[in-house]
Amino acid sequence: MLAASSRKVLVTLNFFAMPAAGSTTTAGELQAAKDTLVDQVRSLWNQRRLRMRLLVLDERSRPTGTSRTLDVEFRIRWTASMAGAGYVLCVYPTPSDLPNVPGRADRPPFVMSAAFARSGRIEMHIAATTPPWTSSHEFGHCIGLPDEYNHPGVGYFKPEGREGLLLQRPDPFIPPNRQGNVTAGRRDPDLRTEMSTNPNSNLLPRHLWPTAIEVRKLLNMHAKGVRFGVDVVFSR
């Protein structure tokens with residue numbers, strides 16, 4: 001759910017929390033997982049360095065020079081039933097209780113898309129004892145972000161509709177001219193982010209691009225005689 005005012009863009013995610021099917025998760029463990037998720041969204045994703053700029057466009061979709069820069073706030077709203085939720089938090093007692101993931105030997109927390117989830121909603125599968133950073137990383141998937149450690153790369157589209165960027169981690173099988181100017185994860189801060197490296201909490205403008213795209217769609221759906229563009233900026 002998106003809302004905009006004269007001061008901020010508010011993004012509300014309706015979550016239903018439940019013990020994972022077949023698990024022995026207690027009420028205390030469920031509450032701990034909920035509290036961790038809320039705390040991480042509040043302390044990291046609502047930082048004020050990333051802001052959204054709304055641009056008024058002319059008839060050719062060019063900026064007119066009129067704009068307003070707003071803070072972005074993410075908010076978790078817990079629902080009393082699954083019927084009112086778009087997301088489900090499935091909580092396990094410990095990381096070892098998480099299910100096996102095909103193609104991996106470990107049991108990582110994960111977010112499952114609504115198309116494949118049993119609930120028909122986006123599901124976050126996580127343990128009550130999982131470190132806080134992991135909840136923050138998994139929340140990034142809920143707002144449309146990919147894992148940035150994938151091979152051969154992950155792509156982002158810019159909110160103004162132009163082609164974005166492709167991040168590709170170094171790999172001897174990827175020709176240098178196809179590596180997107182990324183040559184070494186340890187030296188390039190663009191590869192050490194909330195979505196790539198535990199426990200790095202670095203956020204970059206691209207991490208709000210999917211949200212900005214949704215804001216642009218919403219604004220233009222309800223605008224009367226005005227077209228809007230959206231950009232993401234740092235506020236230092």
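Just so you know, these numbers come straight off a predicted model, no measurement behind them.
- Across all their heavy atoms, Tyr92 and Asp97 have their closest contact at CD2-O, 3.3 Å.
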message: Let's go through Arg68 and Phe228 carefully: what are the C-alpha distance in whole Å and the side-chain angles of both, what is the deciding distance for side-chain contact (heavy atoms from CB on, under 4.5 Å) to 0.1 Å, and is it a yes or a no?
response: CA-CA 11 Å; Arg68 179 180 292 274; Phe228 290 97; over 6 Å; no
task: Take Ser201 and Trp133, measure what side chain to side chain donor-acceptor pair (under 3.5 Å) needs, and give me the verdict at the end.
output: CA-CA 8 Å; Ser201 59; Trp133 177 89; over 6 Å; no
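- By the criterion of side-chain heavy atoms lying less than 4.5 angstrom apart, applied directly or through intervening Ile, Leu, Val, Met, Phe, Trp or Tyr residues, Leu98 is not grouped with Ile122; the two fall into different hydrophobic clusters.
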message: side-chain contact (heavy atoms from CB on, under 4.5 Å) for Asp147 and Phe110? Distances and angles first, verdict last.
response: CA-CA 11 Å; Asp147 285 318; Phe110 61 94; over 6 Å; no
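- Put simply, Trp45 and Val72 are part of the same group of oily side chains (I, L, V, M, F, W, Y) that touch within less than 4.5 Å, one to the next.
- Placement of Val101 and Val91 in two distinct hydrophobic clusters is found when ILVMFWY residues are connected by side-chain heavy-atom separations under 4.5 Å, directly or transitively.
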- request: Under the side-chain contact (heavy atoms from CB on, under 4.5 Å) rule, what do Arg121 and Tyr87 come out as? Steps first, then yes or no, please.
  value: CA-CA 5 Å; Arg121 291 150 176 82; Tyr87 304 80; 5.9 Å; no
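- Side-chain contact between Leu145 and Pro210 is present, with at least one heavy-atom pair separated by less than 4.5 Å.
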Verdict with reasoning, Thr36 to Asp39, per side chain to side chain donor-acceptor pair (under 3.5 Å): CA-CA 5 Å; Thr36 297; Asp39 288 344; 5.8 Å; no
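- With respect to Glu73, the side chain to side chain donor-acceptor pair (under 3.5 Å) criterion is satisfied by exactly one of Arg7, Lys8, Arg42: Lys8.
- Nearest heavy atom pair, residue Ala114 against residue Gly120, reads CB-O, 3.5 Å.
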- request: Go through the steps to decide whether Arg53 and Leu55 satisfy the test side-chain contact (heavy atoms from CB on, under 4.5 Å), and finish with yes or no.
  value: CA-CA 6 Å; Arg53 185 167 59 212; Leu55 311 170; 3.7 Å; yes
